[in-house]
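Atoms within each ligand, like the ligands themselves, are counted from 1 in listed order.
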Amino acid sequence: MASYNSFHVAQQQVLEAARLLHLDDATIELLSWPQREFSFSLHIRMDDGKPGIFHASRIQYNFARGPAKGGIRFHPDETIDTIRALASWMTWKTAVVDLPLGGGKGGIVCDPKSMSERELEALSRSYVRAIAPMIGVDKDVPAPDVYTNPQTMAWMMDEYETIVYSHHPGVMTDKPMQIGGTEGRRDATARGGVIAVREACRLHGFDPTRSFAIQGFGNAGQRAALLHANILGGRLVAVSDSQGAIFNPRGMDPEMLVKHKLKTGSVLGFPDAGEIPHGELLELEVEVLYPAALENAITAGNAPKIRARVICELANGPTTPEADLILHGKGIHVIPDILASAGGVTVSYFEMVQDRYSYFWDEALVHERLDAKITSAYHAVQEAMKEKKTHPRLAAMIVGVARVAEACKLRGWV
Ligand code: NAD
């Protein structure tokens, strides 16, 4: 999945949007590269007493619209270019949903599955010690991503507050509720995607009550399964995780499946579903397909075989540019990642706002405001698509890139 250079893809996407917006060369150069990059190594004591050395980075892609914002990944395959790509996409994502934020991303090259809780805490705290001067509520606000979670954020926030000797809950988002987290964050990414699917169905006549499949059954994938079934009434026929894929054409109970995954650590072995080859999940005939794992899952190799009517990209960068054109040619309605997965960062922004004035909203208000943001972003992208006569990903990039370019120009950077 990870052999494609995601950052080259991200740069190409910026270039295409910039050309359609007739941006000048200086603006294109500015938007094609991160404004700041930090690479460093971390050293912690492992449980066996030996030193553990880990390579890490934090990238602040663009600040024109506000502080950098984006997750931190713990993953063995992370490279500077995957982090650059993810930071670039965060920049356009925050702009598409019109948040007063820039984009950023961070990562630690590690295998979290082989590490103890104590080692993960030590690693999280050492990461914050390395970047403490560069982050803060008005500079850069990290959040969880693949293989990090609210507990990681709690350790990181605590380390930061220890360093700066004061209370700054807004320095990290997606914290546990008890220490400045917000209602509605747990399912925000998936909820945003499901709201976008709802709008696509209303506008284009797809039927959300038919079947749907999910690649990647982690934070985003599990919540999408529950919400799609509960809000839109669809039938979950297939899911996968890093260990394999399962299928039942009659449908599976998302709640039971989440419990099974929690208990056994995998979707495999779920009663009343058969195993299918990993790649086959993406090629099933379903109304809606949610890629919710990692980058480059849909390539020129498998795109011709995809039979979903709608693809809602909860993962960042799951489709390569060649695959994108193939999907477009086949008339598949793609809700691109920077729109489909923007619910998470939107509610993270709501968390920053609440942390600032130390007064918290109820869940209904979070859902209502999230719905308004995603619905409006979905329709802005549809408008751009019509106006520029292009495909949805480029249309979403056009909306995001235009807003960031305008901010750069107003600041006098270009
Ligand atoms: P997660 O770690 O909770 O889940 C990832 C899941 O993908 C795991 O179940 C893992 O087993 C599975 N997976 C890994 N390789 C796979 C493969 N080859 N085939 C099938 N499944 C595979 O991570 P997450 O938070 O759910 O994030 C998933 C994607 O969504 C990432 O691309 C992330 O950047 C994106 N995203 C997440 C959020 C969020 O709020 N969680 C927000 C925006 C975007």
Next item on the list: May I ask you to list the atoms of ligand 1 that are less than 4.0 angstrom from any heavy atom of Lys261?
Entry: 9 (O)
Check: Are Lys175 and Asp158 close enough for a salt bridge, meaning some N to O gap below 4.0 Å?
Finding: no
Check: Within less than 4.0 angstrom of ligand 1, does Glu295 place any heavy atom?
Finding: no
Item checked: Charged N-O contact under 4.0 Å between Lys93 and Asp337 -> no
Next item on the list: Please indicate whether any nitrogen or oxygen in Asp145 is less than 3.5 Å from any nitrogen or oxygen in ligand 1.
Entry: yes
Notebook entry, point to check: To which of Ile338, Thr189, Thr148 does the heavy atom nearest atom 38 (C) of ligand 1 belong?
Noted result: Thr189
Note to self: Does only the side chain of Lys93 get under 4.0 Å from ligand 1, or the backbone, or both, or neither? Count heavy atoms.
What the structure shows: side chain
Margin query: Evaluate Gly344 for polar contact with ligand 1, using N/O atom pairs at a separation under 3.5 Å.
Written below: no
Checklist line | Over all atoms of both residues, closest heavy-atom pair of Ala308 and Ile311 | finding: CB-CG1, 4.3 Å
Notebook entry, point to check: Any side-chain hydrogen bond (donor to acceptor under 3.5 Å, both in side chains) pairs touching residues 228-238, not counting sequence neighbours?
Noted result: His228-Tyr290
Checklist line | Polar contact flag for His278 and ligand 1 (N/O pairs, less than 3.5 Å) | finding: yes
Note to self: Can you see whether Asp371 engages Thr375 through a side-chain donor-acceptor pair at a distance of less than 3.5 angstrom?
What the structure shows: yes
Check: Given Asn316, Asp337, Asn219, Asp241, which one has a non-hydrogen atom that is nearest to atom 41 (N) of ligand 1?
Finding: Asn219
Margin query: Taking ring pair (Phe, Tyr, Trp, His ring centres under 6.0 Å) as the definition, give me every residue that meets it alongside Trp155, ordered by chain and number, with sequence neighbours left out.
Written below: none
Margin query: Closer than 4.0 Å to some heavy atom of Arg73 - which atoms of ligand 1 meet that?
Written below: 31 (C), 32 (O), 33 (C), 34 (O)
Next item on the list: Taking the six-membered ring for Trp and the single ring otherwise, decide whether the centroids of Trp33 and Phe7 are under 6.0 Å apart.
Entry: yes
Margin query: For the residue pair Thr319 / Asp324, report whether a side-chain donor-acceptor contact shorter than 3.5 Å exists.
Written below: no
Next item on the list: Report yes or no: does Arg186 have a heavy atom closer than 4.0 Å to ligand 1?
Entry: no
Next item on the list: Examine Gly221 against ligand 1 and note whether any of their N/O atoms are separated by less than 3.5 Å.
Entry: no
Note to self: Heavy atoms only: which of Phe74, Trp89, Tyr147 lies closest to atom 10 (C) of ligand 1?
What the structure shows: Tyr147
Check: Would you call Ser32 and Val14 a side-chain contact if the rule is heavy atoms closer than 4.5 Å?
Finding: yes
Check: Which atoms of ligand 1 have any heavy atom of Leu314 under 4.0 Å away?
Finding: 30 (O), 35 (C), 36 (N), 44 (C)
Next item on the list: Run down the list Gly193, Pro291, Ala297, Ser242 and name the one with the heavy atom closest to atom 22 (C) of ligand 1.
Entry: Ser242
Item checked: Contact check: Arg185 vs ligand 1, nitrogen or oxygen atoms, below 3.5 angstrom -> yes
Margin query: Leu86 versus ligand 1: do any nitrogen or oxygen atoms come within less than 3.5 Å of each other?
Written below: no
Check: Can a donor-acceptor pair be found between the side chains of Thr182 and Gln354 at a distance below 3.5 Å?
Finding: yes
Next item on the list: Examine Leu294 against ligand 1 and note whether any of their N/O atoms are separated by less than 3.5 Å.
Entry: no
